[in-house]
Asks: 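Structure below; questions to follow.
Here the structure is a predicted model, which means the values were calculated and not measured. In each ligand, atom 1 is the first atom listed, and ligand 1 is the first ligand listed.
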Amino acid sequence: MKLLENKVALITGASRGIGKSIAEELYSQGATIIVTYKENSALAEQVIDIDPTKKSGIYELDVSSITSIRALVEQVKNRYGQIDILVNNAGINKPNDFDKISDDDWDEVLSTNLKGPFMLCRECLPLLKDKTSSIINISSVSGQYGGPRTTHYAVSKSGLLTLTQNLAIFCASRQIRVNAVSPGLIESEMAGAAKGLGVEEKILLKRMGKSSEVAQTVAFLASDMASYITAQTINVNGGLYF
Ligand code: NDP
């Protein structure tokens with residue numbers, strides 16, 4: 001029996017990067033995956049191609065739009081009836097010096113990285129099964145100690161950690177577990193700019209992480225092996241921050 005057999009997992013921003021790895025890992029552990037994308041439908045199609053049963057599905061979603069969230073939740077309800085694992089992974093970064101961050105960029109980053117997960121969690125609560133389901137929010141080491149040129153991003157990710165704790169308190173009576181995973185520098189488009197700038201020197205393990213290493217942590221947290229873990233942040237950062 002696989003870790004996540006008979007579970008339905010909704011992963012936001014799973015067309016590429018860390019979200020794609022999370023979708024693949026949850027699928028390999030037995031889950032049916034619901035992959036969402038914002039623009040890259042072709043990439044999202046490729047992700048669910050791994051499922052020959054065609055039970056897995058792809059859906060367009062803009063997490064900053066309540067209309068888009070409600071449309072997704074309605075479709076998921078009609079097709080799957082339930083959600084066992086919700087992974088809030090979709091996120092954006094718009095690096096800039098503090099005094100150059102525009103109001104529009106601030107709003108876009110906060111509404112994608114923080115308000116989006118808040119709205120999606122709220123709307124998904126009726127579909128989450130009591131006792132066995134789990135929410136995992138993908139934060140960032142930037143939310144723990146800040147980051148260069150990313151005040152709005154850091155604030156959003158820090159807020160996501162607080163959201164995780166508050167939602168865990170709210171969901172405890174239903175025995176729904178809520179945790180955050182906080183990746184450090186992971187090889188990806190988002191962290192590409194940091195590669196080769198000597199940042200590896202600051203990491204205890206002297207290398208950037210792999211998206212699969214984040215994904216394995218998410219699978220663990222989603223599984224019954226983590227049945228006594230809630231309201232926690234698990235750092236996957238190679239010792240960059242502790
Ligand atoms: P990518 O930029 O590679 O992928 C972002 C994903 O989010 C894509 O699937 C994209 O869809 C989707 N997306 C973007 N905007 C929206 C939106 N408004 N609504 C719904 N989906 C959206 O990101 P990463 O894989 O690098 O990062 C994934 C998560 O991990 C993020 O939350 C990020 O903050 C966090 N993280 C990343 C680190 C890193 O080093 N990369 C480090 C720490 C945390 P589409 O393809 O259609 O555009």
Asks: Counting each atom of ligand 1 from 1 as listed, which ones have a heavy atom of L61 under 4.0 Å away?
Replies: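 By the 4.0 Å cutoff, the relevant atoms are 19 (N), 20 (C), 21 (N).
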Asks: Quick test of your reading of the structure: of T112, I18, L160, N89, whose heavy atom lies closest to atom 29 (C) of ligand 1?
Replies: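 That would be N89.
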Asks: Which is closest to atom 7 (O) of ligand 1 in terms of heavy atoms, G184, G13, S182, G116?
Replies: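 Residue with the shortest heavy-atom distance to the ligand atom: G13.
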Asks: Is there a side-chain contact between N88 and C121 (heavy atoms, below 4.5 Å)?
Replies: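 They are in contact (side-chain heavy atoms under 4.5 Å apart), so the answer is yes.
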Asks: Kindly confirm or rule out an N or O of S64 lying under 3.5 angstrom from an N or O of ligand 1.
Replies: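 Between S64 and ligand 1 (N or O atoms, distance only) the closest approach is not under 3.5 Å.
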Asks: What do we get for E187 next to ligand 1 when only non-hydrogen atoms under 4.0 Å count, side chain, backbone, both or neither?
Replies: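 Answer for E187: neither.
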Asks: Measuring only between side-chain heavy atoms, which start at C-beta, is Q82 closer than 4.5 Å to L127?
Replies: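 Not touching, per the 4.5 Å side-chain cut-off.
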Asks: Applying a heavy-atom cut-off of 4.0 Å, say which part of I92 lies close to ligand 1: side chain, backbone, both or neither.
Replies: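 The answer is the side chain of I92.
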Asks: Are side-chain heavy atoms of N93 and V109 found at a separation under 4.5 Å?
Replies: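 They are not in contact (no side-chain heavy atoms under 4.5 Å apart), so the answer is no.
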Asks: Under the salt bridge (Lys or Arg N to Asp or Glu O under 4.0 Å) rule, collect the residues that match up with D130, sequence neighbours excluded.
Replies: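 Partners of D130 under the salt bridge (Lys or Arg N to Asp or Glu O under 4.0 Å) test: R174.
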Asks: Check whether any side-chain heavy atom of F220 lies under 4.5 Å from a side-chain heavy atom of I229, and answer yes or no.
Replies: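 Yes; the side chains approach each other to less than 4.5 Å.
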Asks: Under the side-chain contact (heavy atoms from CB on, under 4.5 Å) test against L61, which residue among L10, V73, L72 passes?
Replies: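 Result for side-chain contact (heavy atoms from CB on, under 4.5 Å) with L61: L72.
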Asks: With respect to T36, determine whether any N or O atom, backbone or side chain, lies less than 3.5 Å from an N or O atom of ligand 1.
Replies: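 The answer is no, given that T36 and ligand 1 share no N or O pair closer than 3.5 Å.
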Asks: Which residues pass the salt bridge (Lys or Arg N to Asp or Glu O under 4.0 Å) test with K2, sequence neighbours left out?
Replies: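 Once residues adjacent in sequence are excluded, K2 has no partner under the salt bridge (Lys or Arg N to Asp or Glu O under 4.0 Å) criterion.
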Asks: Can you find an N/O atom of S140 closer than 3.5 Å to an N/O atom of ligand 1?
Replies: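 N/O-N/O distance under 3.5 Å: no.
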Asks: With under 30° as parallel and over 60° as perpendicular, where do the rings of Y80 and Y59 fit, or are they tilted in between?
Replies: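 Plane angle over 60°, so perpendicular.
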Asks: How does S188 reach ligand 1, by side chain, by backbone, by both or by neither, if only non-hydrogen atoms under 4.0 Å count?
Replies: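 The part of S188 near ligand 1 is the side chain, not the backbone.
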Asks: Examine the proximity of ligand 1 to S139 and report which part, side chain or backbone, both or neither, has a heavy atom under 4.0 Å away.
Replies: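 The backbone, only.
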Asks: Can you check whether N113 reaches L160 side chain to side chain, under 4.5 Å on heavy atoms?
Replies: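 No, side chains not in contact.
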Asks: Just go through G19, G91, A23 and tell me whose heavy atom is the nearest to atom 5 (C) of ligand 1.
Replies: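 Considering heavy atoms of G19, G91, A23, the nearest to atom 5 (C) of ligand 1 sits in G91.
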Asks: For the 3.5 Å polar cut-off, considering only N or O atoms, please tell me whether I186 and ligand 1 meet it.
Replies: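 N/O-N/O distance below 3.5 Å exists for this pair.
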Asks: Would you say the side-chain atoms of S15 and N40 include a donor-acceptor pair closer than 3.5 Å?
Replies: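 Result is no, nothing qualifies.
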Asks: Heavy atom of I138 under 4.0 Å from ligand 1?
Replies: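 So I138 counts as touching ligand 1.
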Asks: For ligand 1, is there an N or O atom under 3.5 Å from any N or O atom of Y37?
Replies: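 For ligand 1, there is no N or O atom that lies under 3.5 Å from one belonging to Y37.
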Asks: Between A44 and ligand 1, which residue portion shows a heavy-atom distance shorter than 4.0 Å: side chain, backbone, both, or neither?
Replies: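 Neither; no heavy atom under 4.0 Å.
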